[in-house]
Novice: 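Starting off with a structure, shown below.
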Protein chains: 2
Amino acid sequence: MVTLKDVAAKAGVSMSTASGAMRGLDSFKPQTIRKVRKIAEELGYKTNVSAKSLRSGRNDTITFLTSGIQGVYFSQLATCFANELHKRGLHMLIELSQYIDDDANTGTTFMMTDGIIATNARNVSKILGSHPTVLLEDYSEDCLYDTVNAPSAAGSRAAIRHLYEKGCRRIGIVGNVLPETVDFGFPRDVRLYAAADELKRLGIDYDPSNCLKTIGSRQGGRELAHRLADEGLQYDGLYCLSDGIALGMLLGFAERGIKVPEQVAVIGFDGVVEDEFSFPTLSTIATDFEGMASTAVSMLMRRIEHPEDELSPQRVSVGYRLIERASTAR
Amino acid sequence: MVTLKDVAAKAGVSMSTASGAMRGLDSFKPQTIRKVRKIAEELGYKTNVSAKSLRSGRNDTITFLTSGIQGVYFSQLATCFANELHKRGLHMLIELSQYIDDDANTGTTFMMTDGIIATNARNVSKILGSHPTVLLEDYSEDCLYDTVNAPSAAGSRAAIRHLYEKGCRRIGIVGNVLPETVDFGFPRDVRLYAAADELKRLGIDYDPSNCLKTIGSRQGGRELAHRLADEGLQYDGLYCLSDGIALGMLLGFAERGIKVPEQVAVIGFDGVVEDEFSFPTLSTIATDFEGMASTAVSMLMRRIEHPEDELSPQRVSVGYRLIERASTAR
DNA sequence: CTGAAAGCGCTAACAC
DNA sequence: GTGTTAGCGCTTTCAG
């Protein structure tokens, strides 16, 4: 194992010079920097991150805390973060939130990261305080951490207007109900209430409690579609609070021979790649995933690099694009 | 920051005792262990993994090196590994192979892991030697590293037999062609040749060069289905070398109004969850993903924990299950 | 601009 | 069984 000491010796400089030169501190002569780096290269020197972390307190690693990396939404989100972190020379540690509470081990988990980016983090809040943290998709009233959200309210309104413009008047809203009680900190309710309000503005009265409920997104949407079909479809337009649900419904309708968009138009929310691989292809409110990733990482790095300026937590929303595809083309 | 020193002081023991007790070494009195751990808990002690790694040389972190975490196959594989690693108290660092070559940074990346599990790793082989490594889905003649494979040959034969038993006689095989030249180290060719051979055994002659080729899996399958439909479908059974392709084809056929399985039966290979969310649902050769994960991690840990016994690299295959769904139900 | 020295928090030998 | 000691490889004052 070749260490910095070896590099320093071979280059005829001290360890501290070698260290500084490798990192390119500008108090060193360009000449020295070049020399040291060349030797390091020749020797195949690799910096030992444990030692570096121990001394500097930095790990160059961010934990992506998520409820899963499977499913249309999360795998896309995780991919965007993987790319964004790489761009900045950071590593991504994946931690599944389902495992966070189950043992004492947890504490050590987070010692090796400089910060945490968390989705659906309300139930794991106890570990969050330990590091700089950015939340994704959290709408709680108390804004305890920097947060980056999808444009849930504005996007929902746009979805409703789109259906309306397509001539839909018997509009339904479909959401995924979690086992827990309703919570306004979740995107679901923000989207639902914004959509209901937009409906009212268009002169259609809608009580949010009439929201069509699914249990599970993909399979839940599918089963709901079956049920709606079997009961005699009463809607001519459906806004699904997530693409996962919408994709499931499209499948369910296909299985029951219901024509989309002829009999019922369907629009989702998220903008995942699978939207182009459904039959028919799915119209959606596409969240700017890349924007979420870059904003979240920027906010996090600012906290990490300047812990001294104690700004109060900020909450920002990224933009959306309405993508019209076959499922609402009429 | 509360350190082991603080715990030791408060517990009235030495640091080494505290260290050993925390780790539960059996040379300590149960009483001592309990006491130390209780104090640690009270003080909110969290072990500093950098210091631990620096000293012990172990990181309790495994790098999952993959070409992506999106797509039906990889997200499922990654999920299985995340679960398996967690079971063993290990962390998962995700590294995208597309980024491996692009800078010097790479070297340090792998300093913080104890080992590497790599999919599609033939093009990044230069970094592999540095750590204990397990390859996934590598069929190269030279077996340089421990390898865990899907049951590509046996599974392919089973797929063909299944189509045959369903009465298919005009059977096509569909594979995803990589931009690079054909390479027998990839699962693709192993599957193709095994399938061709099985066809011959059933009295149907098949030249592997007649394999139907797609570029990209999901979209590629879809476009191929369009083309086959437009040319007047000549097949009554199709074996797709991966579920991604098969799912794309199912979609393409639906878009062209071709009935599956009535006009053509389709079977895939992998066994991803999306198979149950296609229309029609997809029959497949399901690889034992959990088995792959647990086998791969076991092999890796043995190398990490006993670097001294220099066993020659082993290659193992996991089992498969033929899952019959709607796409071949006739 | 560079070097010497201290020590981050922990574990592994070796005493006792 | 438990304590003492010596570092792991690096960064960071602080001199010069």
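In what follows, every chain begins at residue 1, and chains take the letters A, B, ... in the order their sequences are listed. Since the structure is predicted, the reported quantities are computational estimates derived from the model, not experimental observations.
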Novice: Looking at dT2(C), I'd like to know if its phosphate oxygens (OP1 or OP2) sit under 4.0 Å from a side-chain N or O belonging to Ser14(A).
Specialist: no
Novice: Heavy atoms from C-beta onward define the side chain here; which of dG3(D), dT11(D), dC10(C) lies closest to that of Thr17(B)?
Specialist: dG3(D)
Novice: Does Glu42(B), at its CD atom, have more than 12 non-hydrogen atoms belonging to other residues, nucleotides or ligands within less than 6.0 Å?
Specialist: yes
Novice: In whole angstrom, give the distance that lies between atom CZ of Phe28(A) and atom C1' of dT12(D).
Specialist: 11 Å
Novice: Over how many whole Å does the gap from Leu25(A) atom CG to dC14(D) atom P extend?
Specialist: 17 Å
Novice: Arg303(A) side chain to His131(A) main-chain N or O, any donor-acceptor pair under 3.5 Å?
Specialist: no
Novice: Check this for me: does any side-chain nitrogen of one of Glu84(B) and Lys87(B) sit under 4.0 Å from a carboxylate oxygen of the other?
Specialist: yes
Novice: May I have the distance from Asn59(B) (atom CG) to dT11(C) (atom C1'), rounded to whole angstrom?
Specialist: 14 Å
Novice: Mapping Ser16(B) and Arg55(A) to their closest nucleotides on DNA chain D, which lands nearer the 5' end?
Specialist: Ser16(B)
Novice: dT12(D), dT2(C), dG3(D): which one has an atom nearest the side-chain heavy atoms of Ser27(A)?
Specialist: dT2(C)
Novice: What does Ser53(B) touch in the nucleic acid at a heavy-atom separation under 4.0 angstrom: a base, only the sugar-phosphate, or nothing?
Specialist: nothing
Novice: Can you tell me if the side-chain N/O atoms of Arg23(B) get under 4.0 Å from OP1 or OP2 in dA12(C)?
Specialist: yes
Novice: Among the nucleotides dG3(C), dG9(D), dT11(C), which one has an atom lying closest to any side-chain atom of Val13(A)?
Specialist: dG3(C)
Novice: With sugar-phosphate meaning primed atoms plus P, OP1 and OP2, does Thr32(B) contact a base, only sugar-phosphate, or nothing at under 4.0 Å between heavy atoms?
Specialist: sugar-phosphate
Novice: Grab the CG-P distance between Leu54(A) and dT12(D) for me, whole Å please.
Specialist: 12 Å
Novice: Rounded to whole Å, please give me the gap between CG in Leu4(B) and C1' in dC8(C).
Specialist: 14 Å
Novice: Within the distance-only criterion (no hydrogens, no angle test), does the side chain of Asp114(A) pair as donor or acceptor with the backbone N or O of Ile62(A) below 3.5 angstrom?
Specialist: no
Novice: To the side chain of Thr3(A), which of dA12(C), dG9(D), dG9(C) is closest?
Specialist: dG9(D)
Novice: Side-chain N or O of Ser19(B) less than 4.0 angstrom from OP1 or OP2 on dT11(C)?
Specialist: yes
Novice: Distance check needed: dC10(D) P versus Met112(B) CE, whole Å only.
Specialist: 15 Å
Novice: In this structure, is the centre-to-centre distance between the rings of Phe81(B) and Phe74(B) below 6.0 Å?
Specialist: no
Novice: Can you check the Lys5(A) NZ to dG7(D) P distance for me, whole Å?
Specialist: 10 Å
Novice: Starting from the 5' end of DNA chain D, give me the residue, Met15(B) or Val2(A), whose nearest nucleotide shows up first.
Specialist: Met15(B)
Novice: Within this structure, what is the CZ-to-P distance between Arg34(A) and dC1(C), rounded to whole angstrom?
Specialist: 13 Å
